[in-house]
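Naming convention: chains lettered A, B, ... in sequence-line order (proteins, then strands); numbering from 1 in each chain. Excluded from the calculations below are hydrogen atoms, water molecules and symmetry mates; all remaining heavy atoms, backbone and side chain alike, are included. Note that the coordinates shown come from a computational prediction; the quantities given were computed from them, not determined experimentally.
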Amino acid sequence: MLDIQTLRNDLAGVAARLATRGYQLDTVKFEQLEAERKTIQTRTQELQAKRNAASKQIGQAKAKGEDVSAIMAEVGALGDELKQLEQNVGRAIGELQNFLEVIPNVPHADVPVGKSEADNVEVRKVGTPPKFDFEVQDHVSIGEGLGGLDFETAAKITGSRFSLLKGPLARLHRALAQFMLDTHTEKHGYTEAYVPYIVNGTSMYGTGQLPKFEVDLFRVPRPVGEGIEEDFYLIPTAEVPVTNMVRDEIVPLEKLPMKFVAHTPCFRSEAGSYGRDTRGMIRQHQFDKVELVQIVHPEKSYEMLEELLGHAETILKQLGLPYRVVKLCTGDMGFSAATTYDIEVWLPAQNTYREISSCSNFEAFQARRMQARFRNAQGKPELVHTLNGSGLAVGRTLVAVLENYQQADGSVLVPEVLRPYMGGLTSINAI
RNA sequence: GGAGAGGUGGCAGAGUGGUCGAAUGUACCUGACUCGAAAUCAGGCGUAGGUGUGAGCCUACCGAGGGUUCGAAUCCCUCCCUCUCCGCCA
């Protein structure tokens, strides 16, 4: 959520910056909601003050044993109007809140302006795509050929967009996650976290998935009381539970930065993407991801973003997978982000780079929604900045390994760094 | 699933329906004493919104939401959470 003060002070400026990401801020509506809120609130507070003063008088008069019927009658007459006004204030503030919480974050000044993916800016390319002297197969053919990747059985068990791994491929999947976790905890200073995979609506709101993107989530209905429902949701990323660790907290200055890494499954309904990436395990309803989350001092957040990006890149370097880093343009960034780098890995069968990690600085956007604060040098609570990035998406990394390390005979070489996690196995052959 | 206890300021912990936004302790900040520190003493010390050039003033907030009342931290209802015991369970 944006700071309402900024909107009050520089509405046109905010609107202009939001326009670069294709969001038309309804400034007229904002001003109207603000004016309405102000009028009603001021009037209400005047009446409340009157009532409080009179009530206080009643108390004092009663203590002295004086007659209070006159004042009681007077203040009693205030009741109906006040009740009405209080409801109106609540409604006005609610409307303003609803308006604010669907406004996306303002892009950082350095973010390239653009409309779509096509306008993203390549930052660097690392590694060279491998040359093959045979016909390249995609990960589906490779995996099925090895007998370890089975979409049909997954579809029988659940439905489309789920996958089933067996044997060495299942182990490779586990090895990748372990390798990533070990690297980030041992070399990059992250604290490993094991977190709930099901969260409440407040947590989803805190990181920005709700209220705007409910269709992307899997909802778990949960009646809590008489006619009350407080649904749970399957996490679409570990960002949600991990970042919400600091919701409603005021952390001491010296605890910053906080760095967490978590390996979790992620669940996405992928509504509205039915025609895309239907083959293979690129776009699934369930996939594993190792997620990096940082809670940092506002002055350090951009520095830390570069660092976090580097941590994710390390994994690809270690695995020997060619990739490129792209800085997303204003039009392609997610709702909550102020700056985002995507890391795209080379997929030989698609002859292109595909997203495997997304690293973002949310500045205070999530922190404001979550009321995640730290006590600054002056002793005052101040909003933290939050960052996160995939380090990496495990399923897509598996795809990349299969495709980049495929051999003419259909087998797949195991990248060196994964061998200790594979019981020394150097090559995966058909079962 | 059953029974009980409890949720109040950074923390601990009081609070007969009426000068309670909240005692007290502790932590923290400032000052005094001291060569300095500790101890002691004095003062300050929540969040958010409104209003004013400003000192300030006003409003809301005692787990959440409703209700009763001129007035609610305090009474009533619903819910959430925490803890203890029993049962069940990986």
Side-chain angles (χ1 to χ4, degrees), chain A residues 1-9 30-31 33-101 194 196-206 210 220-233 241 244-256 364 367-384:
Chain A
M1 192 156 68
L2 299 180
D3 183 7
I4 193 165
Q5 299 293 358
T6 317
L7 284 167
R8 287 183 185 131
N9 297 335
F30 174 76
E31 281 175 329
L33 287 173
E34 239 315 75
E36 203 174 297
R37 191 218 97 236
K38 206 160 162 175
T39 315
I40 300 172
Q41 193 168 26
T42 309
R43 171 81 185 126
T44 307
Q45 292 187 351
E46 275 168 17
L47 271 192
Q48 283 172 330
K50 212 170 181 180
R51 181 203 60 199
N52 289 347
S55 292
K56 197 171 263 187
Q57 267 184 30
I58 293 171
Q60 286 168 342
K62 270 194 169 172
K64 292 180 201 153
E66 291 168 12
D67 176 46
V68 292
S69 52
I71 324 177
M72 293 243 315
E74 190 189 323
V75 71
L78 254 54
D80 284 347
E81 189 186 355
L82 196 52
K83 187 168 270 182
Q84 187 63 46
L85 275 170
E86 280 172 351
Q87 279 172 8
N88 289 348
V89 171
R91 211 191 48 226
I93 291 177
E95 279 175 23
L96 197 56
Q97 177 75 12
N98 292 343
F99 178 81
L100 287 174
E101 64 195 12
Y194 170 80
Y197 301 158
I198 300 179
V199 301
N200 57 36
T202 310
S203 293
M204 284 295 183
Y205 173 82
L210 287 183
V220 183
R222 173 180 168 256
V224 294
E226 288 180 20
I228 305 169
E229 279 198 6
E230 211 171 90
D231 293 343
F232 282 158
Y233 298 87
N244 273 281
M245 284 164 70
V246 292
R247 168 154 52 86
D248 293 322
E249 298 287 330
I250 301 175
V251 304
L253 181 61
E254 59 272 17
K255 284 254 178 97
L256 299 181
R368 191 170 294 109
R369 290 175 160 246
M370 291 191 300
Q371 284 303 296
R373 296 172 293 177
F374 70 102
R375 209 167 277 284
N376 66 17
Q378 287 72 46
K380 291 288 170 199
E382 192 181 329
L383 295 171
V384 297

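Using atom P as the reference point in both B/C77 and B/U68, the two lie 15 Å apart (nearest Å). For B/C58 and B/U69, the P atoms lie 28 Å apart once the distance is rounded to whole Å. Taking the C1' atoms as reference points, B/C57 lies 43 Å from B/A5, given to the whole Å. B/G43 and B/A48 have their C1' atoms separated by 26 Å, with the value rounded to a whole Å. Comparing the P positions of B/U8 and B/A23 gives an interatomic distance of 16 Å, to the nearest angstrom. Taking the C1' atoms as reference points, B/G52 lies 30 Å from B/C70, given to the whole Å. Rounded to whole Å, the separation between the P atoms of B/G36 and B/G31 comes to 13 Å. When the P atom is used for both B/G66 and B/A73, the distance is 15 Å, rounded to whole Å.
With A/Arg222 contributing its side chain and A/Glu230 its backbone, the two residues share a donor-acceptor pair below 3.5 Å.
Where A/Pro381 and A/Ile58 each meet RNA chain B at their nearest nucleotide, the meeting point lying more 5' is that of A/Pro381. Toward the 5′ end of RNA chain B lies the nearest nucleotide of A/Lys56, the other residue of the pair A/Lys56 and A/Asn52 mapping further downstream.
The nucleotide whose nearest atom lies closest to any side-chain atom of A/Lys380 is, among B/G10, B/U47, B/C70, B/U47. The A/Ser55 side chain lies nearest to B/G71 when the options are B/G71, B/C80, B/G10.
The two residues A/Arg375 and A/Leu253 have their closest heavy-atom pair at O-CB, 3.3 Å. For the residue pair A/Ile40 and A/Asn88, the shortest heavy atom distance occurs at CG2-CB, 3.9 Å. Closest of all the heavy-atom pairs between A/Leu2 and A/Arg368 is C-NH1, 3.4 Å.
Proximity of A/Arg222 to the phosphate of B/C79: no side-chain N or O atom is located under 4.0 Å from OP1 or OP2.
The CZ-C1' distance, from A/Arg247 to B/C80, rounds to 13 Å in whole Å. Between the CG atom of A/Asp3 and the P atom of B/A48 there is a distance of 11 Å, given to the nearest Å. Between the CD1 atom of A/Ile250 and the C1' atom of B/C45 there is a distance of 14 Å, rounded to whole Å. In this structure, A/Ile40 atom CD1 and B/A60 atom P are separated by 17 Å, rounded to whole Å. One interatomic measurement links the two molecules: CG of A/Asn200 to P of B/A64, which rounds to 16 Å at whole-angstrom precision. In this structure, CD of A/Gln48 is placed 6 Å from C1' of B/U59, rounded to the nearest angstrom. Taking atom CG of A/Leu253 as the reference point, atom P of B/C29 lies 14 Å away to the nearest angstrom. A/Asp248 places its CG atom 15 Å from the C1' atom of B/G7, with the value rounded to the nearest Å.
Taking a pair as Watson-Crick or G-U wobble with both distances under 3.5 Å, the runs of three or more consecutive pairs in RNA chain B are B:1-7 with B:80-86, B:10-12 with B:24-26, B:28-32 with B:40-44, B:46-51 with B:56-61, B:63-67 with B:75-79.
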Item checked: Verdict with supporting geometry, A/Gln371 and A/Glu249, side-chain hydrogen bond (donor to acceptor under 3.5 Å, both in side chains) -> CA-CA 7 Å; A/Gln371 284 303 296; A/Glu249 298 287 330; over 6 Å; no
Next item on the list: Would you please test A/Thr39 and A/Arg43 for side-chain contact (heavy atoms from CB on, under 4.5 Å) and show each step?
Entry: CA-CA 6 Å; A/Thr39 315; A/Arg43 171 81 185 126; 5.7 Å; no
Next item on the list: In sequence, state the C-alpha distance, the side-chain angles, and the governing distance for A/Leu210 and A/Glu101, and then conclude on side-chain contact (heavy atoms from CB on, under 4.5 Å).
Entry: CA-CA 9 Å; A/Leu210 287 183; A/Glu101 64 195 12; over 6 Å; no
Check: Where do A/Phe374 and A/Leu383 land on the side-chain contact (heavy atoms from CB on, under 4.5 Å) test, with the steps shown first?
Finding: CA-CA 6 Å; A/Phe374 70 102; A/Leu383 295 171; over 6 Å; no
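Among the protein residues, A/Ala49 comes within range of the sugar-phosphate backbone only, with heavy atoms under 4.0 Å from sugar or phosphate atoms but none that close to a base. Counting any heavy atom pair closer than 4.0 Å across all strands shown, A/Lys83 reaches sugar-phosphate atoms only and no base atom.
If you check the side chains of A/Ser203 and A/Asn200, you find a donor sitting under 3.5 Å from an acceptor.
We find that A/Arg37 and A/Glu34 are joined by a salt bridge, their nearest charged nitrogen and carboxylate oxygen being less than 4.0 Å apart.
In this structure, CD in A/Glu382 is found 11.0 Å from CZ in A/Arg373, a value given to the nearest 0.5 Å.
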Dump every N/O contact between nucleotides 50-57 of chain B and the protein below 3.5 Å, one line per pair.
unit_1: B/G50; atom_1: OP1; unit_2: A/Arg8; atom_2: NH1; d: 3.1
unit_1: B/G50; atom_1: OP1; unit_2: A/Arg8; atom_2: NH2; d: 3.2
unit_1: B/U51; atom_1: OP1; unit_2: A/Lys38; atom_2: NZ; d: 2.9

